[in-house]
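Everything below concerns the one structure shown next.
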2 protein chains.
Amino acid sequence: MPASRLDPIDRKILAELQADGRMTNVELAKRVGISAPPCLRRVRTLEESGFIRGYHAEVDARELGFEVQVFAMVGLVSQAEADLSIFEGRCRSWSLVRECHMLNGEVDFILKCVAPDLSTFQTFLTEELLKADNVASVKTSLVIRGAKDDPGVPFDVLEDRLTRDA
Amino acid sequence: MPASRLDPIDRKILAELQADGRMTNVELAKRVGISAPPCLRRVRTLEESGFIRGYHAEVDARELGFEVQVFAMVGLVSQAEADLSIFEGRCRSWSLVRECHMLNGEVDFILKCVAPDLSTFQTFLTEELLKADNVASVKTSLVIRGAKDDPGVPFDVLEDRLTRDA
DNA sequence: CGTGAAACCGTCGCCCC
DNA sequence: GGGGCGACGGTTTCACG
């Protein structure tokens, strides 16, 4: 089910809803150049086929009291598939861990964590992460400041690529 | 304007809209236990005060053809404030760079990048990032697989913290 | 995909506490 | 200050061409 299954109107819908997920369907229909009913049918299809995984309000973490953001590089003792899966499951159970990605190279996982303050994070680090089974090493880096944090994907790159292939 | 300015209903609203940003206002009102008009007034206030920065559809990057996700650790030659700002501005202008965070420790920035394929990324890496002014070193790590990718913040941690302080 | 109609929702003014 | 009620206009979402 590749992106080529989508026509230009579908891609426009995705781009618009990524930029403003609360847009009304009539506004969306106007922007993509069709009337409201077929537009809604397309949105439902995109949701059911998994192109749209959900809709989320973007909240201001700092203003809400999450002052600390940390990237943690984790090395494991065993990289057997079963052990990798166990560690991933642990990460999913930790609220402070928002993202967990398996990497190539010298480190096995990168985790993006948030916490209200440094002591909360350090408690998590020493009491949970470092004590977890199979964890060999953890190197943490504090985010000093954020310069860019765009959700989603760059649709301009997609369009460039599709028009170049055509 | 700290989180303590928010009452439990406001926090519930934020948590619900983070989980489902397209929920209707009447459904939201029902879930937080008030009627629709005051609920909508609260949402507008949360938007205007910056607690809610926007709403976005979450799209499936892989299904859309973005097969490659890469973390890049960037070291700069000069860490003077003016030079940091210039680099951050360059990152904002690159569509493939979705996130750019300044870190403490041995590396200056971490970038999260997406691309349709490896060759697109490598072109970006060699033609743009490595050639950019002031860039001293770049170490890249490919994401082999994603294990967790939750947007937003953990409201359960917020509630624990507030009830503990009370 | 578009049109039309019915049900629902967002939104406002007003009243209440 | 905040919450609830009622009403209007716009929106969602059908069935049908």
Summarise protein proximity over nucleotides 4-17 of chain D in one line of letters, 5' to 3': B for base, S for sugar-phosphate only, - for none, counting protein heavy atoms closer than 4.0 Å. BBB----SSBB---
In whole angstrom, give me the gap between the C1' atoms of C:dC15 and D:dG9. 22 Å
Around atom CD of A:Glu106, are there more than 12 heavy atoms of other residues, nucleotides or ligands at under 6.0 Å? no
Test log, rule side chain to side chain donor-acceptor pair (under 3.5 Å), inputs A:Ser78 and A:Asn134: CA-CA 6 Å; A:Ser78 155; A:Asn134 199 30; 4.6 Å; no
Only one of A:Arg42, A:Arg44, A:Arg41 clears salt bridge (Lys or Arg N to Asp or Glu O under 4.0 Å) with A:Asp10; which?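 That would be A:Arg42; it is the only one of A:Arg42, A:Arg44, A:Arg41 passing the salt bridge (Lys or Arg N to Asp or Glu O under 4.0 Å) with A:Asp10.
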Classify the ring geometry between A:Trp94 and A:Phe87 as parallel (under 30°), tilted (30 to 60°) or perpendicular (over 60°). perpendicular
Sole candidate of B:Leu17, B:Asp20, B:Ile34 that passes side-chain contact (heavy atoms from CB on, under 4.5 Å) when paired with B:Leu28: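 Filter result, single survivor: B:Leu17.
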Rounding to a whole Å, what distance do you find between [X]:[atom1] and [N]:[atom2]?
X	N	atom1	atom2	answer
B:Lys12	D:dG3	NZ	C1'	17 Å
B:Arg5	D:dG2	CZ	P	11 Å
B:Arg42	C:dG10	CZ	C1'	18 Å

Take A:Glu58 and A:His56 through the test side chain to side chain donor-acceptor pair (under 3.5 Å) and record every step on the way to the result. CA-CA 6 Å; A:Glu58 180 189 358; A:His56 309 283; over 6 Å; no
